[in-house]
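Heads up, the thing below is written out as structure tokens.
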Amino acid sequence: MRLPLFLAALVLAAPAAAQSPAIPDHELLHRLAADVSPEAEHATIARLVGFGTRHTLSDVASDTRGIGAARRWVADRFAALSKDCGGCLAVETPSETFTGSRIPKPAQVMDVLAVQRGTADPDRVVVISAHLDSRVSDVMNATSDAPGANDDGSGTAAVMEAARVLSRHRFPATIVYAVLSGEEQGLYGGHVLADYAAAHNWRVEADLNNDIVGNTEGTSGLRDNTHVRVFSEGTRTTETPAEAEKRRYNGGEVDSPSRNLARYMDRLADRYLTNLDVVMVYRTDRFSRGGDQVEMLKAGYPAVRVTEAVENYRRQHQDLRIENGVRYGDVIEGVDFPYLAQVTRLNVVTLAALASAPAPPSGVDIEGAVSSDTTVKWKPSPGAAAYRVWWRGTTDPQWRFSRLVTSLTQEVLKDVNIDDYFFGVSSVSADGSESPVVFPGPAGTFEREPPTRP
Ligand SMILES: [Zn+2]
């Protein structure tokens, strides 16, 4: 097929094991990053804190206090942004009624979503999410002031700022801005989102779940405003026993689609952001703790958790108080807005890159046992003008070698021994937008598989 000039030049010039052959920077991604405003995010969090508490079981009738007022304000903000972009956002409020150990009486948990429909492949969806609900020391206390400025006012501000910046542009895939509820009571809003995605047959390529993303002063006194942690599961939550057996033998324990999404974010940060580096953490979430991305993973959707580099436990899940001269509580003074803007830029750049690129390839497979060469195969991805075959040593954290190819279905890597590397493929559009790398087989596919758990 006819190649855009820069792709043709790259393919001709690509040596056998080129290290990350350069695709030109996307000017749009730089511009989007520059559009993110810490002042806008400050205004959002100040408004959220003003609702007193946003506890899931708080008052829903009041116009000034509680979760009901807060979510109506979010919906109004999305509607106002939509007005500015010619109706480009559809505001949806899916809800379900739950009871549980932290919801003693049946309670409605309602999410607020803004859906920016893709121009080419609207069922392909990338999501940014955060939780609106807040809490104090007692998770059942629905009346005391619970400002939740950082947990998770910061994530909510990131979602709304991403909507403000990205809704001025059009993308081939759909972007969903998701403000969830019920997280502190048991990840219910994540569950509602996953159910909504399944009911609408969304092909969710990524959920970037932002929970606690605005603090830079750790409890220990350590300050860090140049790193952000991206947590990702190593193997798919929905993997079957048969898939696990094959994966244990041939590898893939560190190559779930969520993990390769984390690697994608790490590369984008290196390329498009200044003074913010991604620290990949090879865990689903922080040790023995949870977030809404877990419900998306259970439903078979790739998802990561984005969290500040250092947490301050005096400002999380605390009654507002001063004890022995130490101030406790999740107040707005604990949010570092230039840092929150940096984390938001990472999200904005990632969403735009994903939504601009073709879908990641499906049907990725490798062969080459008892041979000096490795053959990498895949199925064509709609909208792809080229593919990039990647490989790395089996202990390398990040993809290391790559070759841009114009073949639509396979590439033979001469004298690259299959035993010694992990392999993957990304799809590349005519303008150079690249998808995340897909590891072969069920371990690495971005396609949803039916959940194996209830
Ligand atoms: Zn949280």
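We count ligands from 1, going down the list as the structure has it; atoms in each ligand are counted the same way.
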| request: Under the side chain to side chain contact (heavy atoms under 4.5 Å, CB included) rule, collect the residues that match up with A197, sequence neighbours excluded. | output: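 Applying side chain to side chain contact (heavy atoms under 4.5 Å, CB included) to A197 gives W202, V204, Y301.
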
| field | Residues forming a side chain to side chain contact (heavy atoms under 4.5 Å, CB included) with A70, sequence neighbours excluded | value |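 With neighbours one apart ignored, the set is F51, R54, L132.
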
| task | Output, in order, the C-alpha distance, side-chain angles, deciding distance and verdict of ring pair (Phe, Tyr, Trp, His ring centres under 6.0 Å) for F423 and W390. | result | CA-CA 6 Å; F423 299 87; W390 290 87; over 10 Å; no

Only pairs under 3.5 Å count here: list side-chain donor-acceptor contacts from residues 175-183, not counting sequence neighbours, and write none if there are none.
residue, atom, partner, partner atom, Å
Y177, OH, Q116, OE1, 2.6
E183, OE1, H131, NE2, 3.4

| Which N, O or S atoms belonging to the protein are less than 2.8 Å from the Zn ion (ligand 1)? |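 Protein N/O/S atoms under 2.8 Å of the Zn ion (ligand 1): H131 NE2, D151 OD1, D211 OD1, D211 OD2.
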
| message | Is any side-chain heavy atom of T307 closer than 4.5 Å to one of F231? | response |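 Contact flag for F231/T307 side chains = yes.
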
| query | With respect to D151, which candidate in H317, Q318, Q316 satisfies the side-chain hydrogen bond (donor to acceptor under 3.5 Å, both in side chains) definition? | reply |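 Testing each of H317, Q318, Q316 against D151, the sole residue satisfying side-chain hydrogen bond (donor to acceptor under 3.5 Å, both in side chains) is H317.
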
